[in-house]
Amino acid sequence: MGVNLLASLAKKAVEVLGDGFDIEIIEKHHNQKIDAPSGTALMLADAINEEVDNRMKYEYDRHSKREKRTKNEIGIHAVRGGTIVGEHEIIFAGRDEIITLSHSARSKEIFAVGAVNAAVFMTGKECGMYDMSQLIK
């Protein structure tokens, strides 16, 4: 539920802030996670990108890139260590101000709670495609 709310808040931030802010996503997970960036980080980037008609490109690694940041990119950074369940931070960096949205999962129990909430939401619904954004409205 929280990550889906985070995506919704990020879309609203993009709508309000416009093109005047650079966007960076930092995600953190445990040291056994194989994929990087996480699917959740990509979902957040996709939600933001949809809000701007898919004008943004994803920049995954800057260590070998020796040039200034472009305005049409979303930086995505992965951190792996310890037993971190999942943390996602979206940074909107503008001129003289920074807005940060974040979500931190402290246990995997929250995923089960979200699944139960989704099942309750689906009770009595017509057949069709639904997503979690409809649940948080």
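Values below: all heavy atoms of this structure, side chains included; hydrogens, waters and symmetry mates excluded. Note that the coordinates shown come from a computational prediction; the quantities given were computed from them, not determined experimentally. By convention here, the first residue in the shown sequence is residue 1.
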Any chain of hydrophobic side-chain contacts (each under 4.5 Å) joining Ile74 to Ile99? yes
In terms of hydrophobic clustering (I, L, V, M, F, W, Y; side-chain heavy atoms under 4.5 Å; direct or indirect links), are Leu101 and Met43 co-clustered? yes
Within the 4.5 Å heavy-atom criterion, are Val85 and Arg106 side-chain neighbours or not? no
Would you mind writing out the side-chain donor-acceptor pairs for residues 19-28 within the sub-3.5 Å range, not counting sequence neighbours?
| from | atom 1 | to | atom 2 | distance (Å) |
| --- | --- | --- | --- | --- |
| Asp19 | OD1 | Arg55 | NH2 | 2.7 |
| Asp22 | OD1 | Arg69 | NH1 | 3.2 |
| Asp22 | OD1 | Lys71 | NZ | 3.2 |
| Glu24 | OE1 | Arg62 | NH1 | 3.1 |
| Glu24 | OE1 | His77 | NE2 | 2.4 |
| Glu24 | OE2 | Arg62 | NH2 | 2.9 |
| Glu24 | OE2 | Arg69 | NE | 3.0 |
| Glu24 | OE2 | Arg69 | NH2 | 2.9 |
| Glu27 | OE1 | His29 | ND1 | 2.7 |
| Glu27 | OE1 | Arg80 | NH1 | 2.8 |
| Glu27 | OE1 | Arg80 | NH2 | 3.4 |
| Glu27 | OE2 | Ser38 | N | 2.9 |
| Glu27 | OE2 | Arg80 | NH1 | 3.4 |
| Glu27 | OE2 | Arg80 | NH2 | 2.9 |

Output side-chain donor-acceptor pairs under 3.5 Å for residues 1-14, partner residues at least two apart or in another chain, one line each.
| from | atom 1 | to | atom 2 | distance (Å) |
| --- | --- | --- | --- | --- |
| Lys12 | NZ | Glu15 | OE2 | 3.4 |

Determine whether Ile76 and Ile84 fall in the same hydrophobic cluster, where Ile, Leu, Val, Met, Phe, Trp and Tyr are linked whenever their side-chain heavy atoms lie under 4.5 Å apart. no
Output for pair (Met56 CE, Asn72 CG), nearest 0.5 Å, gives 6.5 Å
Could you list the donor-acceptor pairs under 3.5 angstrom formed by side chains in residues 121-130, with sequence neighbours left out?
| from | atom 1 | to | atom 2 | distance (Å) |
| --- | --- | --- | --- | --- |
| Thr123 | OG1 | Ala119 | O | 3.2 |
| Thr123 | OG1 | Val120 | O | 3.2 |
| Lys125 | NZ | Phe121 | O | 3.2 |
| Tyr130 | OH | Glu126 | O | 2.8 |

Answer with yes or no whether the hydrophobic clustering places Ile91 together with Leu44; edges join I, L, V, M, F, W, Y residues whose side-chain heavy atoms lie under 4.5 Å apart. no
Considering all heavy atoms, the nearest Glu59-Asp61 contact: OE2-O, 3.2 Å
Distance check, rounded to the nearest 0.5 Å: Lys57 atom NZ versus Glu73 atom CD? 5.0 Å
Taking all non-hydrogen atoms of both residues into account, name the closest pair between Pro37 and Leu42 and its distance. CG-CD2, 3.8 Å
